[in-house]
**Student:** 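Below you'll find the structure I mean.
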Amino acid sequence: MKPDFKKCCIFLVLLAAAAVLIVLFIKWNEADVSITIGFPVEAGAVDYTNSKPISDRRTVNLILFALLTGKSLDDSAVPNMPPDAVMMIRPKEENIGYPFSIWLDQTSVIYAMGTGDDATEYRIVNNLSDEEYRVLNSMIAARG
């Protein structure tokens, strides 16, 4: 074998290995669910047209873990205004989406599974970390 041919084969093998590693890294960083943020419009409809799905594993996990820490909200504290945003959570392998109505305050987030009259249980998340609040607040800022 000629030395140039050996070098070329080694280069191609290294290039293929680098490509495989890049693809694996990209796939590893994708979350199992995607989150899309929409905004209420008239009559209970939600506009998702300007929303780019969030599929970064770290961001999705921050949002989901923040929602998991929610505590039940008393009926007297349930918001009586339209939500600031509607978050649609979709598992990657399913054709189903789970909507969450979101009301964002300076110190807390109120959310309900469903939208409008379909909202069942209202929950509140207090004591968000700065990063969790930044991620959830960016949902509202994206509307601008």
**Student:** Distance from L15 atom CG to C8 atom SG, nearest 0.5 Å?
**Tutor:**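 So the CG of L15 and the SG of C8 are separated by 10.5 Å.
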**Student:** What are the two closest non-hydrogen atoms of S72 and R123, and how far apart are they?
**Tutor:**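 Looks like OG-NH1, 3.3 Å.
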**Student:** Indicate, with yes or no, if I22 and L12 share a hydrophobic cluster defined by side-chain heavy-atom contacts under 4.5 Å among Ile, Leu, Val, Met, Phe, Trp and Tyr.
**Tutor:**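 Each belongs to a different hydrophobic cluster.
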**Student:** Examine distances only and state if a side-chain atom of Y111 and a backbone atom of Y122 form a donor-acceptor pair shorter than 3.5 Å.
**Tutor:** no
**Student:** Rounded to the nearest 0.5 Å, what's the gap from CD1 on I110 to CG on L104? Could you check?
**Tutor:**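 Here the rounded value is 10.0 Å.
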**Student:** Counting neighbours of CD on E94 that are heavy atoms of other residues, nucleotides or ligands and sit closer than 6.0 Å, is the number greater than 12?
**Tutor:**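 Yes, the 6.0 Å shell around CD holds more than 12 heavy atoms from other groups.
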**Student:** State the CD1-CG distance between I35 and L67, to the nearest 0.5 angstrom.
**Tutor:**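 Separation between the atoms: 7.5 Å.
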**Student:** About how many Å separate CD1 of I102 and CE of M87, when rounded to the nearest 0.5 Å?
**Tutor:** 4.0 Å
**Student:** Would you please name every residue forming a side chain to side chain donor-acceptor pair (under 3.5 Å) with N126, sequence neighbours left out?
**Tutor:**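 Testing N126 for side chain to side chain donor-acceptor pair (under 3.5 Å), a comparison that skips the adjacent residues, returns none.
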**Student:** Grab the two heavy atoms, one from I37 and one from A85, that are nearest each other, plus how far apart they are.
**Tutor:** CG2-CB, 4.0 Å
**Student:** Would a single hydrophobic cluster contain both V13 and L21, if residues Ile, Leu, Val, Met, Phe, Trp and Tyr are joined by side-chain heavy-atom contacts under 4.5 Å?
**Tutor:** no
**Student:** Taking all atoms of both residues into account, what is the closest heavy-atom pair of P99 and V86, and its distance?
**Tutor:**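 Closest heavy-atom pair between P99 and V86: CB-CG1, 4.3 Å.
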**Student:** With hydrophobic residues grouped by side-chain heavy-atom distances under 4.5 Å, do V33 and I96 end up in a single group?
**Tutor:** yes
**Student:** Distance alone, cut at 3.5 Å: any donor-acceptor contact between the side chains of T36 and R90?
**Tutor:** no
**Student:** What pair of heavy atoms forms the shortest contact from P40 to D84, and how long is it?
**Tutor:**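 So the two residues come closest at CD-O, 4.0 Å.
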**Student:** Can you name the nearest heavy-atom pair linking W103 to P83, along with the distance?
**Tutor:**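 Closest pair (atom of W103, atom of P83, distance): NE1-CA, 3.2 Å.
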